[in-house]
2 protein chains.
Amino acid sequence: MKLTEAKAQFISSWGAFGTHWGINRTMAQIHALLLVSPDPITQDDIMEELNISRGNVNMNTRELIAWGLVERVLIPGERREFFTAEKDIWKVATQIIKERKKRELDPMLKLLSQLEQIDGDKKDKNTRQFIETVSGIRKFGGEADKMLDVMIRADENWFLGNLLKIFK
Amino acid sequence: MKLTEAKAQFISSWGAFGTHWGINRTMAQIHALLLVSPDPITQDDIMEELNISRGNVNMNTRELIAWGLVERVLIPGERREFFTAEKDIWKVATQIIKERKKRELDPMLKLLSQLEQIDGDKKDKNTRQFIETVSGIRKFGGEADKMLDVMIRADENWFLGNLLKIFK
DNA sequence: TTGAATTTTCAAAACTTTTTGAAAATTAAT
DNA sequence: ATTAATTTTCAAAAAGTTTTGAAAATTCAA
């Protein structure tokens with residue numbers, strides 16, 4: 001397989017993959033393109049490579065920046081802005097975990113704690129099941145939360161090198 | 001807060017939460033409803049509680065069954081089918097991980113292995129960056145895969161009770 | 001300043017996904 | 001076998017999301 005073909009495949013699959021993870025196709029594709037581009041590239045490069053409009057590129061690069069996965073780069077002597085992506089996959093994963101934890105897990109855990117406080121007849125089957133389910137999810141989520149915190153703080157070598165040996 | 005109100009909140013939030021995870025809103029809401037229902041319920045119960053059409057319930061319950069999260073239950077003397085959800089959150093999580101690994105991670109790792117095999121000039125910056133990125137993701141994905149396998153096989157108490165102590 | 005290059009915005013259009021609901025199929029009791 | 005209850009299917013409608021593109025805003029060099 002030639003590079004051009006492989007690159008197209010990678011970008012397209014990464015885009016499809018992204019949609020399963022609540023990220024939109026184009027945002028994932030731009031990310032993929034930046035991940036395999038050794039040097040920073042411009043809005044126009046992205047527009048041309050992916051055949052998408054300027055507005056679309058603008059919107060999605062800003063979203064990638066908000067996620068902490070992409071950076072604007074200023075190149076001396078160049079008027080236009082360039083973009084580049086963090087290439088270290090561990091850092092990419094950590095960053096995504098951090099953001100999703102903040103945006104999704106933390107608010108959910110907060111809500112569940114509130115929902116556990118319902119005032120109701122504890123002899124009622126429905127009340128009992130509700131409290132049990134909600135607190136079960138909250139406890140599980142709390143453990144996951146702790147675990148993710150450790151991962152976010154962990155050093156790559158320590159984690160992948162040593163921790164995963166524990167699991168084997 | 002009263003049970004009815006808390007239940008409505010739980011269902012609605014769980015639905016919104018689901019959309020961030022590639023699961024459709026209604027499927028997640030049905031799942032939430034079943035999670036807090038102590039006894040099996042019918043299509044009509046679901047239709048009424050969530051205000052959705054029969055076809056919608058039918059489609060989404062079948063999807064939940066395909067994910068291994070919900071079961072059809074036959075109640076003696078009843079003509080209609082009843083549905084019930086696995087209540088053990090650890091099992092729910094394990095099941096979801098198992099399915100997503102099979103549907104998403106495994107095919108992605110397979111593709112990445114293929115893409116690493118491109119024939120190209122290794123002195124070319126673009127080729128080098130491509131191979132480096134793809135193999136970086138593949139390696140990381142491979143570790144995640146191993147880790148998830150251990151989790152899937154692990155016993156709840158062993159995992160939550162002991163493993164998480166290691167992390168602290 | 002002025003004006004050309006560049007980026008940003010956002011309403012409307014295109015596209016995608018989900019939902020509906022009525023007809024068809026299935027099931028089980030009589 | 002017939003019938004009534006129940007479930008399934010699926011084309012069309014509704015809802016939701018993403019993309020476009022042109023106008024507005026910004027930036028920077030001369």
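Order of the sequence lines sets the chain letters (A, B, ...), proteins ahead of strands, with each chain counted from 1.
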Exercise for review: For the residue pair A:Asn56 and A:Ser53, confirm or rule out a side-chain donor-acceptor distance under 3.5 Å.
Suggested key: no
Point to revise | Side-chain donor-acceptor contact under 3.5 Å, B:Arg80 with B:Gln43 | key: no
Practice item. Is it possible for you to say whether B:Met59 and B:Phe83 belong to one hydrophobic cluster, with membership spreading through side-chain heavy-atom contacts below 4.5 Å? Key: no
Exercise for review: Residues of residues 53-67 of chain A with any non-hydrogen atom less than 4.0 angstrom from an atom of DNA chain C: list those, numerically ordered, please.
Suggested key: A:Arg54, A:Gly55, A:Asn58, A:Arg62
Should the pair [X]-[Y] be classified as a salt bridge under the 4.0 Å nitrogen-to-oxygen rule?
X        : Y        : result
B:Glu132 : A:Lys87  : no
A:Lys101 : A:Asp145 : yes
B:Glu5   : B:Lys2   : no

Review point. Can you find a pair of side-chain heavy atoms, one from A:Asn24 and one from A:Thr19, that are under 4.5 Å apart?
Key: no
Point to revise | Test: A:Arg100 cationic atom under 6.0 Å from A:Trp67 six-membered ring centre, within 45° of axis | key: no
**Study point:** Nucleotide interval of DNA chain D bounded by contacts with chain A (heavy-atom cut-off, under 4.0 Å)
**Key:** D:dT18 to D:dC28
Point to revise | DNA chain C: 5'-proximal contact among A:Arg25 and A:Asp44 (nearest heavy atom) | key: A:Asp44
Exercise for review: Report the distance from atom CG of B:Asn51 to atom C1' of C:dT18, rounded to the nearest whole Å.
Suggested key: 16 Å
Review point. How close or far is atom C1' of C:dT26 from atom CZ of B:Arg72, stated in whole angstroms?
Key: 13 Å
Exercise for review: Say whether, by atom type as modelled, one donor and one acceptor occur between the side chain of A:Arg62 and the main chain of A:Val57 under 3.5 angstrom.
Suggested key: no
Practice item. Name the nucleic acid region contacted by A:Arg80, choosing base, sugar-phosphate or nothing; use a 4.0 angstrom heavy-atom cut-off, strictly under. Key: sugar-phosphate
**Study point:** Within 6.0 Å of CD in A:Glu48, more than 12 heavy atoms from elsewhere
**Key:** no
Review point. To the nearest 10 degrees, what angle separates the axes at the start and end of the helix from C:dT1-D:dA30 to C:dT30-D:dA1, five pairs each?
Key: 20°
